[in-house]
> 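Can you read through this structure? Questions will come right after.
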Amino acid sequence: MKKPDRQAWLGGGSDRCANPPDPPPGQPWRIVLLGAPGVGKGTQAEILCDRLNACHLSTGDILRAAQCRGSETRSPALEAALASMREGALVSDETMMALVSERGRCLRCCGGFVLDGFPRTVAQAEALEKLLEREGVALDAVFNYELPSEEIVERLSGRLVCRECKAVYHETRQPPQVPGICDRCGKPLFKRDDDRPEAIITRLKAYEETNRPLVDWYTRKGLLINVPAHGTPEEIYVRTWTCGRSVPAEAGSAPA
Ligand code: AMP
């Protein structure tokens, strides 16, 4: 199946996908992923999207794409958002909600979606609920990936990413074959600005403060599924569906 190019999501405004997803064979899945930074949400999002033919909607990727585009096109609100991101702090709810609501087309897209990094607060979850209602669609499941915080710090401090194809490596646990070069596309690997130790501490603190109320909120909605996030990406993927056996029957059928 062809990989969606996410142009509408990354660019927003009047941008359209040159390569929109094909409708999946069953119902499209609409999923939210929760979990601390570094828990492996991005990797799971990629696997889920490949298997469900859905689109990976990451709010962090919107900000990183804006950062690469150059400052002349950025609004003051976007500049402030990028400064918060560099420090590892959360961007204001107002800015994040504005960025997501101008992308309503992606939420109602026939391929479905895996939302990664949004919502991060209850205010954002409430805004998302209203936005989905307006678009005439609903969430099927919220997967909450869990790991002890020492392991998260270890993962983040050694993380290397490819900006080109989004592959993720770890300096010692999963190094690339040629140091500093992506195995998949041959482009250079980077450490994210917000994977510096001071930014990691700020990000984990923000996560701890905001995630519990969010988990409670989605539990009350009957959508939350906790998934232990240890093991290989494939093991976690299989566990996602094992833990998610309670996903409503009317949602698309889970792939093998
Ligand atoms: P991520 O790639 O999801 O780890 O996001 C990277 C950074 O983007 C975060 O540390 C925040 O600064 C910002 N960010 C992304 N999504 C949100 C959100 N939903 N609310 C607030 N800040 C966000």
Side-chain angles (χ1 to χ4, degrees), residues 6 9-10 12 31-46 48-49 55-69 74-75 77-104 106-107 113-132 139 142-145 147 149 152-153 155-163 165-168 190-215 217-218 229:
R6 302 194 302 163
W9 179 254
L10 295 178
I31 294 173
V32 164
L33 304 187
L34 300 182
V39 80
K41 292 192 302 294
T43 305
Q44 285 309 306
E46 293 286 331
L48 283 160
C49 288
C55 208
H56 179 188
L57 306 185
S58 150
T59 40
D61 281 351
I62 298 179
L63 297 169
R64 284 182 286 274
Q67 195 164 35
C68 293
R69 267 201 307 273
R74 293 181 206 147
S75 66
L78 192 53
E79 284 293 353
L82 294 177
S84 300
M85 182 172 74
R86 277 190 294 273
E87 284 164 23
L90 286 187
V91 173
S92 74
D93 283 342
E94 204 189 7
T95 302
M96 290 316 300
M97 281 153 15
L99 288 174
V100 174
S101 27
E102 67 160 298
R103 289 163 168 82
C106 297
L107 300 176
F113 61 75
V114 175
L115 251 181
D116 163 17
F118 187 92
R120 266 182 162 92
T121 63
V122 171
Q124 292 180 12
E126 286 167 350
L128 176 64
E129 188 178 46
K130 291 205 183 83
L131 193 55
L132 292 175
L139 289 180
V142 175
F143 294 126
N144 180 39
Y145 292 99
L147 264 190
S149 51
I152 289 172
V153 172
R155 283 191 186 194
L156 285 177
S157 43
R159 180 159 75 172
L160 296 170
V161 294
C162 174
R163 288 192 189 134
C165 74
K166 304 272 178 280
V168 180
F190 293 88
K191 242 184 190 317
R192 276 171 45 167
D193 279 353
D194 55 358
D195 282 345
R196 287 169 292 111
E198 354 32 298
I200 292 176
I201 292 165
T202 313
R203 287 161 74 202
L204 286 180
K205 198 158 164 278
Y207 165 75
E208 275 152 23
E209 279 164 14
T210 54
N211 198 57
R212 175 48 55 191
L214 203 50
V215 162
W217 197 80
Y218 278 124

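Quantities reported herein were computed from a predicted structural model and do not represent experimental measurements. Only heavy atoms go into these numbers, but all of them, side chains included; no hydrogens, no water, no symmetry mates. In each ligand, atom 1 is the first atom listed, and ligand 1 is the first ligand listed.
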> I'd like to know whether Leu128 forms a side chain to side chain contact (heavy atoms under 4.5 Å, CB included) with Val32, so could you lay out the CA-CA distance, the side-chain angles of the two residues, the decisive distance to 0.1 Å, and finally the verdict.
CA-CA 11 Å; Leu128 176 64; Val32 164; 4.1 Å; yes

> Write down the atom of Ile152, the atom of Pro37, and the distance for their closest heavy-atom approach.
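Residues Ile152 and Pro37, closest heavy atoms: CG2-O, 3.1 Å.
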
> Determine, using heavy atoms of Glu87 and all atoms of ligand 1, whether some pair is separated by less than 4.0 Å.
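No, that is not the case, since the closest heavy atom of the residue is not under 4.0 Å from the ligand.
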
> Can you find an N/O atom of Leu63 closer than 3.5 Å to an N/O atom of ligand 1?
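No: no nitrogen or oxygen of Leu63 is under 3.5 Å from one in ligand 1.
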
> What's the shortest heavy-atom distance between Leu63 and Leu82, and which atoms?
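Looks like O-CD2, 3.3 Å.
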
> Can you confirm whether more than 12 heavy atoms, excluding those of Glu94, are under 6.0 Å from its CD atom?
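Counting neighbours around CD of Glu94, 12 or fewer heavy atoms of other residues, nucleotides or ligands fall under 6.0 Å, so no.
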
> List the closest protein heavy-atom neighbour of atom 2 (O) of ligand 1: residue, atom name, distance to the nearest 0.1 Å.
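The closest heavy atom on the protein side is Arg64 NH2, 2.9 Å.
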
> Before accepting this row, confirm whether a basic side-chain N of the pair Asp195/Arg159 lies closer than 4.0 Å to the acidic partner's carboxylate O.
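Counted as a salt bridge, because a side-chain N and a carboxylate O are separated by less than 4.0 Å.
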
> Short N/O distance, under 3.5 Å, between Leu90 and ligand 1?
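Leu90 vs ligand 1: no N/O contact under 3.5 Å.
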
> Mind checking whether Asp194 contacts ligand 1 via backbone (N, CA, C, O), side chain (CB onward), both or neither, at a 4.0 Å heavy-atom cut-off?
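Answer for Asp194: side chain.
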
> Here's one to test your reading of the geometry: is the NZ or CZ of Arg120 within 45 degrees of the ring axis of Tyr207 and under 6.0 Å from its centre?
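Negative - Arg120 is either too far from the ring of Tyr207 or too far off its axis.
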
> What residue and heavy atom of the protein are closest to atom 7 (C) of ligand 1, and at what distance?
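The answer is Met85 CG, 3.5 Å.
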
> Measuring from atom 11 (C) of ligand 1, which candidate in Gly60, Ala89, Ala83 has the nearest non-hydrogen atom?
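Going through Gly60, Ala89, Ala83 one by one, Ala89 has the nearest heavy atom to atom 11 (C) of ligand 1.
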
> Nearest protein heavy-atom contact for atom 17 (C) of ligand 1: which residue, which atom, what distance?
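For atom 17 (C) of ligand 1, the nearest protein heavy atom comes out as Arg120 NH1, 3.3 Å.
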
> Considering heavy atoms of the protein only, find what lies nearest to atom 22 (N) of ligand 1 and give residue, atom and distance to 0.1 Å.
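For atom 22 (N) of ligand 1, the nearest protein heavy atom is Val91 N, 3.0 Å.
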
> Out of Leu57, Leu115, Thr95, Thr59, which residue meets the side-chain contact (heavy atoms from CB on, under 4.5 Å) rule with Val100?
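Going through the options one by one, the only one that passes is Thr59.
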
> Under 3.5 Å, N or O to N or O, is Gln124 touching ligand 1 that way?
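Looking only at distances, the answer is yes, because the N/O contact criterion of under 3.5 Å is met.
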
> For ligand 1, is there an N or O atom under 3.5 Å from any N or O atom of Ser84?
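Such a contact does not occur with ligand 1.
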
> Hey, are Asp194 and Arg203 close enough for a salt bridge, meaning a charged N less than 4.0 Å from a carboxylate O?
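Yes, Asp194 and Arg203 are salt-bridged.
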
> Quick one: does Lys41 get a heavy atom under 4.0 Å from ligand 1?
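In this structure, Lys41 fails to qualify as a contact of ligand 1 - no heavy atom is under 4.0 Å.
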
> Looking only at distances, can you tell me whether any N or O atom of Arg192, backbone or side chain, sits closer than 3.5 Å to an N or O atom of ligand 1?
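So ligand 1 has an N or O lying under 3.5 Å from an N or O of Arg192.
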
> Of Lys41, Lys166, Arg64, which meets side-chain contact (heavy atoms from CB on, under 4.5 Å) against Ser58?
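Single side-chain contact (heavy atoms from CB on, under 4.5 Å) partner of Ser58 among Lys41, Lys166, Arg64: Arg64.
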
> If the cut-off is 4.0 Å to any non-hydrogen atom of Thr59, which atoms of ligand 1 fall inside it?
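Result: 15 (C), 16 (N), 17 (C), 19 (N).
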
> With a 4.0 Å cut-off, would you call Glu209 and Lys205 a salt bridge?
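A salt bridge links Glu209 with Lys205.
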
> In this structure, does ligand 1 have an atom that sits under 4.0 Å from one of the heavy atoms of Pro37?
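It does not; every heavy atom stays at 4.0 Å or beyond.
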
